[in-house]
2 protein chains.
Amino acid sequence: MTEHCPHSETASCTLPSSEQVKVLLDQAVSLCEQRNLRFTELRKQVLELVCRADQPVGAYQLLDELREQGRSAAPPTVYRALDFLLEQGLVHRLATNNTYLACAHPQKPHAAVFLVCSQCGQTQEVHTRGVIEVVKQQAEKFDFRVTHASVEVAGLCHSCQSQKEGAQ
Amino acid sequence: MTEHCPHSETASCTLPSSEQVKVLLDQAVSLCEQRNLRFTELRKQVLELVCRADQPVGAYQLLDELREQGRSAAPPTVYRALDFLLEQGLVHRLATNNTYLACAHPQKPHAAVFLVCSQCGQTQEVHTRGVIEVVKQQAEKFDFRVTHASVEVAGLCHSCQSQKEGAQ
DNA sequence: GATATAATGTTACATTATAACATAACATAT
DNA sequence: ATATGTTATGTTATAATGTAACATTATATC
Ligand SMILES: [Zn+2]
Ligand SMILES: [Zn+2]
Ligand SMILES: [Zn+2]
Ligand SMILES: [Zn+2]
């Protein structure tokens, strides 16, 4: 899950804290109301599952969990819900490992950078205007009009670095 | 295919030019020699196919083309060759569309940014130290040790922008 | 040549995602 | 309240991407 964070340049956006699930769901409700869209039970269930996961989850894991909740579900069930949530900016998709995670601040559209620990899987969404601005600058040099930038950084999170050092 | 380019900050690295295939293959040969690795016929065939493509290609398209060349090939055939080429930095993989393209300057390991036109598929590899350095800076703020950054930018290339404007 | 190592062949399967069409729920207007 | 169009979901089948496991072949080294 993700914690609502102050929208500062250096804040991490994905400190897990299951307290905050309800906040995100409420945000989703009002956001869909504003946009005159249906936040259906299915969509709510899927968003809640994504929020409760402490790491990005795969579509088929979500499918299993929906079924465990007694819901009749097939792949299109979950992919359609995810498509909706992606379009509304409520979740992000990580292309490098085909997983989905809740957006930490869905109120405003934003460019995001993801720090994915290759050891433990923990993933942080960070909003750093800097990276995206540099990307846009560079793209402009090539007459390239950016619509979306996927920035996914693999490496070691702090705690996994310590473990490795300890093992040496 | 990709043209060998001056290693300047603003140079595009993937101006198609099938003249340059041989250059890249020769580079691959000497590079594998230096590293005491076998640049086998299969690996050469796959690299050549990737080089000759004017856009990033999928693994199964490469598989088809290998078969058209009379080679007995199954999925592992092409994935193993691609794995080798990826490890040696001779090709890159685009996570956002599961495709592979020849590296424009395999001599030196480097961080790359890819500009992927969502209209026509044309993809440029650009080496822009700036982006990667900003990514690293940001990651450091979160005690995150970067090992690899995947930066894939979707948008419109120059020629597709003109077409859209013309259509208005 | 014998032996170990690396590469490829081959079969089967896992994982991720979508197409196509039927049904159900919802909104709006008579 | 019913009819009607629209949106969402159910359901089946299949496409697209990627890997595991083991047999065989080629290559290097002794
Ligand atoms: Zn976000
Ligand atoms: Zn970690
Ligand atoms: Zn490259
Ligand atoms: Zn284009």
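For dT9(D), one of the phosphate oxygens OP1 or OP2 lies less than 4.0 angstrom from a side-chain nitrogen or oxygen of Thr40(A). One finds a side-chain N or O of Arg43(B) lying less than 4.0 angstrom from the OP1 or OP2 phosphate oxygen of dT8(C).
For the pair Tyr79(A) and dT18(C), the ring geometry does not qualify as stacking, because the centroid separation below 5.5 Å and plane angle under 30° are not jointly satisfied. The ring of Tyr60(B) lies on top of the base of dT17(D), close enough and flat enough: under 5.5 Å between centres, under 30° between planes.
Between Thr96(B) atom OG1 and Glu152(A) atom CD the span is 8.5 Å, to the nearest 0.5 Å. Distance CD/Gln137(B) to CD1/Ile132(B): 12.0 Å, rounded to 0.5 Å.
Both Leu66(B) and Leu47(B) are part of a single hydrophobic cluster, where members link through side-chain heavy atoms under 4.5 Å apart. Under the 4.5 Å side-chain heavy-atom criterion for grouping Ile, Leu, Val, Met, Phe, Trp and Tyr, Leu156(B) is not connected to Val135(A) through any hydrophobic cluster.
The stretch residues 66-77 of chain B comes close to DNA chain C through Arg71(B), Ser72(B), Ala74(B), Pro76(B), Thr77(B), each having a heavy atom under 4.0 Å from the strand.
Between the CG atom of Leu82(A) and the P atom of dT18(C) there is a distance of 10 Å, rounded to whole Å. Rounded to an integer number of Å, the gap from Lys44(A) NZ to dA25(C) P is 19 Å. Whole-Å rounding puts the Arg80(B) CZ to dG9(C) P distance at 8 Å. Atoms CG (Asn97(A)) and P (dA17(C)) sit 10 Å apart, rounded to a whole Å. Note: CZ (Arg38(B)) to P (dT5(C)) measures 12 Å, nearest angstrom. One atom, CG of Leu85(B), and another, P of dA7(C), lie 12 Å apart when rounded to the nearest Å. Rounding to whole angstrom units, CD of residue Glu33(A) and P of dA27(C) are separated by 12 Å. Going from atom CG of Asp64(A) over to atom P of dT16(C) covers 11 Å, rounded to whole Å.
Residue Asn98(B) has its side chain nearest to dT17(D) when only dT17(D), dC26(C), dA17(C) are considered.
The one candidate from Arg52(B), Gln45(B), Lys44(B) that meets the side chain to side chain donor-acceptor pair (under 3.5 Å) condition with Glu48(B) is Arg52(B).
Between Tyr100(B) and Asn36(B), the residue whose closest nucleotide on DNA chain D is further toward the 5' end is Tyr100(B).
Note on ring orientation: taking the six-membered ring where Trp is involved, the planes of His110(A) and His105(A) are tilted (angle from 30° to 60°).
Looking at heavy atoms from C-beta onward, Asp54(B) lies in side-chain contact with Gln122(B) at the 4.5 angstrom threshold.
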